[in-house]
S.K.: 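Quick one: the structure is below, questions incoming.
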Number of protein chains: 2
Amino acid sequence: MNMNKKNSADAGQSPKTLRRRLHPDDRRQQIIDGAVAFFAEVGLDGKTRDLAKKIGITQSLLFKYFATKDALIEAVYEQVYLNRLSPEWTHRIADRSIPLRDRILAFYSDYSRLIFEYNWMRIFMFSGLAGAELNRRYLDHMHQMILRPLLEEIRVAASGSAVPTMEDLWNLHGGIVYIGIRQHIYRMPYTADPNEAIERSVNRFLSAFSVETA
Amino acid sequence: MNMNKKNSADAGQSPKTLRRRLHPDDRRQQIIDGAVAFFAEVGLDGKTRDLAKKIGITQSLLFKYFATKDALIEAVYEQVYLNRLSPEWTHRIADRSIPLRDRILAFYSDYSRLIFEYNWMRIFMFSGLAGAELNRRYLDHMHQMILRPLLEEIRVAASGSAVPTMEDLWNLHGGIVYIGIRQHIYRMPYTADPNEAIERSVNRFLSAFSVETA
DNA sequence: AATGTTGTTGATCATTTGATCTATAACTGA
DNA sequence: TCAGTTATAGATCAAATGATCAACAACATT
């Protein structure tokens, strides 16, 4: 009756679970990657047992690498948020040797790769709803490092009498971000080319302030 | 040691809780209202005990009015989603006796009262992330009953060569909705006047397609 | 091959949580 | 005033869930 210990010589059933021993760094990263995908899908209230099953490890192992579930979620935040807004963009936006329109399109071409990503978009929304401090900081960073310089550049380039406000810029930004929200939060079928939509949106915005668009 | 049953004659402590008896209809509505506010704040994974405490009733009473927690959430959806998009708007948008710009501004003036509402915005987002069918239906309704007629009207009114696409319209829409997202999802401090931002956004959009804006 | 280290598992604990059940008390009508 | 009805509270159940711990086995070293 006791099927413990290595007496399985006759039944011949191979050990159900190949117990693979990973280097702690690799295992930790594997858990984080799995957790990002998992929590992005079901939300931060996802259960540790479900996560473990999805990764293919035991639930108890999670707690060998992260003291608490909150600590794991913190690691998820870190993985998702870290190095997302390159500080280089602040400078590139202000580089007047390049046409303003090109600078904006270059930024959003780069940035859209981020916001149109399933895991990012959903974890950003989940953490935002949960009131995570990180969201506020991220948006503040977006405001200070991207939109504010951008506002200044557009004001300088505006040749008409109309000049944009910061609220106008958030409107431009929001319209673009909303593409990702429709895709990944609301899961609406999306067939169009996001880059084209972005380009048209930017063009409309600039022409409203008489920034040459062609 | 047995402090059960009516042997509390000496301690004389008045009944802690005035047990108020409400008409079932009233109680049910009270629960729904409380649930809307509660789930909007903490998410649909909020615990029934916390909800009961917030309402000021016992947790068991919740299950006298709703068989399961899911049934309660369904009632919350119903309360929040029902009668949100007046079918009248489909006609008002197509009423060419009124300048197009006025029609659009009238719609968003009305609609923004909805999307800038805390409970609505957050429950819509929570349910969207949870994959609720109702979201899909709502957005589809928005597409068919509002944006599609709107697209047609703008195309007719466009006097230039440029003509908007449906994607352009979603961009306009998204930029406006994003105001509510910033306010209620990300809880960013918001001081500006939303109506002004909306008006400027609509004006930019229309002028891009040579629809007289003044 | 024997041994030591440690990454991993399975069982288990203590709470939490959705849901149920019985006793109670607030309101109604005679 | 008193009995009947039922809305409500409090205790409790069973499953779920975050977290712990001793035992095991995979890999490295000798």
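Just so it is clear, the structure is predicted and the values come from calculations on it, not from any experiment. The chains referred to below are lettered A, B, ... by the order of the sequence lines, with proteins before strands, and numbering in each begins at 1. Computation of the quantities below employed the complete heavy-atom set of this structure, encompassing side-chain atoms and omitting hydrogens, waters and symmetry-equivalent molecules.
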S.K.: Out of dG18(D), dA9(D), dA26(C), which nucleotide sits closest to the side chain of Arg21(B)?
M.R.: dA26(C)
S.K.: Using a cut-off of less than 4.0 Å, is there contact between a side-chain N or O of Lys64(A) and OP1 or OP2 of dG7(C)?
M.R.: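 Indeed not, no polar side-chain atom of Lys64(A) lies that close.
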S.K.: Report the nucleotide, chosen from dA19(C), dT8(C), dT17(D), that has the shortest atom-to-atom distance to any side-chain atom of Leu22(A).
M.R.: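 From the listed options, dT8(C) comes nearest.
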S.K.: If you check every side-chain atom of Ser60(A), which of dT12(C), dT8(D), dC21(D) has the closest atom?
M.R.: dC21(D)
S.K.: Using a strict 4.0 Å threshold on nitrogen-to-oxygen distance, state whether Arg182(A) and Glu167(B) make a salt bridge.
M.R.: yes
S.K.: Does Leu61(A) or Ala67(B) map to a spot on DNA chain C nearer the 5' end, using the closest nucleotide for each?
M.R.: Leu61(A)
S.K.: Taking CG from Asp70(A) and C1' from dA19(D), how many angstroms apart are they, rounded to a whole number?
M.R.: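 Asp70(A) atom CG is separated from dA19(D) atom C1' by 13 Å.
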S.K.: Measure the acute angle between the ring planes of His184(A) and Tyr118(A), then classify it against the limits of 30° and 60° as parallel, tilted or perpendicular.
M.R.: perpendicular
S.K.: May I ask you to decide if the ring planes of Tyr138(B) and Tyr81(B) are parallel, tilted or perpendicular, using 30° and 60° as cut-offs?
M.R.: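 Taking Tyr81(B) first and then Tyr138(B), their aromatic rings stand perpendicular (interplane angle over 60°).
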S.K.: Check the distance between dT17(C)'s P and Leu44(B)'s CG and give it to me in whole angstrom.
M.R.: 16 Å
S.K.: Specify the separation, in whole Å, of atom CG of Asp25(A) and atom C1' of dG7(C).
M.R.: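 These atoms are roughly 13 Å apart.
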S.K.: To the nearest Å, how far apart are Phe66(B) CZ and dT20(C) P?
M.R.: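 Computing the Phe66(B):CZ to dT20(C):P distance gives 15 Å.
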S.K.: In whole angstrom, give the distance that lies between atom CD1 of Ile73(B) and atom C1' of dT17(C).
M.R.: 13 Å
S.K.: For Tyr65(B) and dA19(C), what is the distance between atoms OH and C1' respectively, to the nearest whole Å?
M.R.: 17 Å
S.K.: With a 3.5 Å cut-off and just heavy-atom distances, do the side chain of Arg20(A) and the base of dG7(C) make a donor-acceptor pair?
M.R.: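 Absent.
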S.K.: Using 30° and 60° as the class limits, which term best fits the ring planes of Tyr111(B) and Phe107(B): parallel, tilted or perpendicular?
M.R.: parallel
S.K.: Rounded to the nearest angstrom, tell me the gap between atom CD in Gln59(A) and atom C1' in dC21(D).
M.R.: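 Nearest whole value for this atom pair: 13 Å.
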S.K.: Which part of the nucleic acid, if any, lies within contact of Leu62(B), taking any heavy atom under 4.0 Å across all strands shown: a base, the sugar-phosphate backbone alone, or nothing?
M.R.: nothing
S.K.: Specify whether His173(A) and Tyr108(A) have parallel, tilted or perpendicular ring planes, treating 30° as the upper limit for parallel and 60° as the lower limit for perpendicular.
M.R.: tilted
S.K.: Using the side-chain heavy atoms of Lys47(B), tell me which of these nucleotides is nearest: dA25(C), dT17(C), dT17(D).
M.R.: dT17(C)
S.K.: Expressed in angstrom and rounded to an integer, what is the separation of Ile55(A) atom CD1 from dT9(C) atom P?
M.R.: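 These atoms are roughly 11 Å apart.
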S.K.: dG10(C) phosphate, OP1 or OP2: any side-chain N/O from Thr58(A) under 4.0 angstrom?
M.R.: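 It does not, given that no N or O in the side chain of Thr58(A) lies less than 4.0 Å from OP1 or OP2 of dG10(C).
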S.K.: May I ask you to verify if any side-chain N or O of Arg27(B) is less than 4.0 angstrom from the OP1 or OP2 atom of dT8(D)?
M.R.: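 Yes.
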